Amino acid sequence: MPELPEVEVTRRQIEKVLVGRTVRGVVTTRKSYFFITPPGELRTRLVGRRVVALNRHGKYLVAELDDGSRLLLHLGMTGQLFAAGARSPRLLSAERRATLSPEKAAAFEPDQHTHLVLSFDEPGPNLYFRDVRKFGKVAWIARGKPNGRLEKLGIDALEATGDALYDATRTRSLAIKSVLLDQGVLAGVGNIYADEALFLAGIRSKRRARTLTREECERIAVAVRKVLRRSITRGGSSIDDYVRPDGSDGGYQTECFVYGRTGEPCRTCKTPIRRIVVGQRSTHFCPECQR
DNA sequence: ACCGCACCCTGAGCGC
DNA sequence: TGCGCTCAGGGTGCGG
């Protein structure tokens, strides 16, 4: 599931494919929740536009276009943004994976889950946006127009501060993990890195937010920054669907301390990692290391 | 203001 | 073999 590190790794690779190129063709699937801007309008708005920059805000990617308008992309749960030529078993259904050995998998061909294909005037690969569950989003934003989704975001999680967390938690009685997942507080933290950061900080996921001390908030902020930076360095986590835009896997999933390690020994104290549900999200923690 | 929950969606994995 | 059920979860919006 793409969170800040996966989106940032995607941004860095897609930037090379996208910036400086002019959209020639836009192919979409039919109208759905995926398209905040309807497919027809999207086509009209994008064709002929040159991309001048690709930025990230939390888990959103924002392509800046030459007329001052913007294209907003969110990968949701299963979104995959990649360049033509990428090959990975993660880009195929299990059914198709079974019929092909990974080495023999051909370069990706658009399928029914490929909701957006951009082609360009300049030489280079097409850009694909594939999303099996369609929790992802595509929106065109007019020049100078503020966007509600972006405006609601808190500070970027790479710049998390203890003060921001302390301020955000004073009146809130819900679990600290739920606060970390609140994009209006820290933008970019999702389920994996919330669990990982709370492990590094040594704090229980269910701890009521307003009971945290200033020092504990500082520890959590440090842990958030550290785990996100580390994951970016490793290319993000390829756990279910995430692949880098060139088709390669990230490497952080092999370093996880708690996420997806239910029953396995804690890397620090060997106590089995436990799984509970916090705020309707599966949550992993070490009962010994997190107090 | 805060917080829990339903909803959007599809595929994998399970029990029968 | 195959059906139907449950689960996964980011973000939005609603109702209490």
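Quick caveat, the model's predicted, so the values are computed rather than measured.
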Atom CD of A:Q280 and atom P of B:dC7: how far apart are they, to the nearest Å? 13 Å

Interatomic distance where CD1 belongs to A:I36 and P belongs to C:dT12 [whole Å]: 8 Å

Under 4.0 angstrom, heavy atoms only, what part of the nucleic acid is A:T78 near: base, sugar-phosphate, or nothing? nothing

Between A:H113 and B:dG11, does any side-chain N or O lie under 4.0 Å from OP1 or OP2? yes

Using atom CZ of A:R170 as one end and atom P of B:dC2 as the other, report the distance to the nearest whole Å. 13 Å

Neighbour count above 12 (heavy atom, 6.0 Å) for A:R291 CZ: yes

What class does the angle between the rings of A:H115 and A:F34 fall in, given that below 30° is parallel, 30 to 60° is tilted and above 60° is perpendicular? tilted

Under the criterion side-chain hydrogen bond (donor to acceptor under 3.5 Å, both in side chains), I'd like the reasoning laid out for A:S119 against A:N126: C-alpha separation, chi angles, the key distance, then a yes or no. CA-CA 5 Å; A:S119 58; A:N126 287 353; 4.7 Å; no

For a quick check of understanding: with a heavy-atom distance under 4.0 Å over all strands, which category does A:S173 fall into, base, sugar-phosphate or nothing? sugar-phosphate

So if I take every side-chain heavy atom of A:Y60 and compare against C:dT12, B:dG11, C:dG10, which nucleotide ends up nearest? C:dT12

Taking any heavy-atom pair under 4.0 Å as a contact, classify A:T171: base, sugar-phosphate, or nothing. sugar-phosphate

What nucleotide among C:dG11, B:dC3, B:dG11 has an atom nearest to a side-chain atom of A:R172? B:dC3

Using a 4.0 Å heavy-atom cut-off, does A:K137 contact any base of the nucleic acid, only the sugar-phosphate backbone, or nothing at all? nothing

Do A:R56 and A:D156 pass the salt bridge (Lys or Arg N to Asp or Glu O under 4.0 Å) test, and can you show the C-alpha distance, the side-chain angles, and the key distance before you say yes or no? CA-CA 9 Å; A:R56 182 188 57 76; A:D156 197 80; 2.8 Å; yes

Between B:dC8 (P) and A:H115 (NE2): distance, integer Å: 16 Å

Taking CG from A:D111 and P from B:dT10, how many angstroms apart are they, rounded to a whole number? 13 Å

For a quick check of understanding: with a heavy-atom distance under 4.0 Å over all strands, which category does A:R275 fall into, base, sugar-phosphate or nothing? sugar-phosphate

Mind checking if A:Y259 touches a base, just sugar-phosphate, or nothing, with heavy atoms under 4.0 Å? sugar-phosphate

Hydrogens and angles aside, do A:D163 and A:T161 bring a side-chain donor and acceptor to less than 3.5 Å of each other? no

Any side-chain N or O of A:R133 less than 4.0 Å from the OP1 or OP2 oxygen of C:dA8? no

Is there a stack between A:F135 and C:dG11, judged by ring centres under 5.5 Å and planes under 30°? no

For DNA chain C, what is the dot-bracket line, given that a base pair needs Watson-Crick (N1 to N3, plus N6-O4 or O6-N4) or G-U wobble (N1-O2 and O6-N3) geometry with both distances under 3.5 Å, and | means paired with another strand? .|||||||||||||||

Name the closest nucleotide to the A:S282 side chain, picking from B:dC9, C:dA8, C:dG10. C:dA8

Mark yes or no for a side-chain to base donor-acceptor pair under 3.5 Å between A:R281 and C:dA8, with no hydrogen or angle criteria applied. no

Begin from the C-alpha positions of A:R50 and A:D121 and carry the test salt bridge (Lys or Arg N to Asp or Glu O under 4.0 Å) through to its verdict. CA-CA 10 Å; A:R50 186 169 46 85; A:D121 288 337; over 6 Å; no

A:K206 NZ - B:dG4 P separation (whole Å): 11 Å

What is the separation between atom NE2 on A:H284 and atom C1' on C:dG9, rounded to the nearest whole Å? 12 Å

Quick check with a 6.0 Å cut-off and a 45 degree axis cone: is A:R234 positioned over the face of A:Y252's six-membered ring? no

Is there a donor in the side chain of A:T29 and an acceptor in the side chain of A:Q112, or the other way round, less than 3.5 Å apart? no

Counting heavy atoms from C-beta on, name the nucleotide in B:dC8, C:dG10, C:dG13 closest to the side chain of A:K152. C:dG13

Given atom CE of A:M77 and atom P of B:dA12, what is their separation to the nearest angstrom? 14 Å

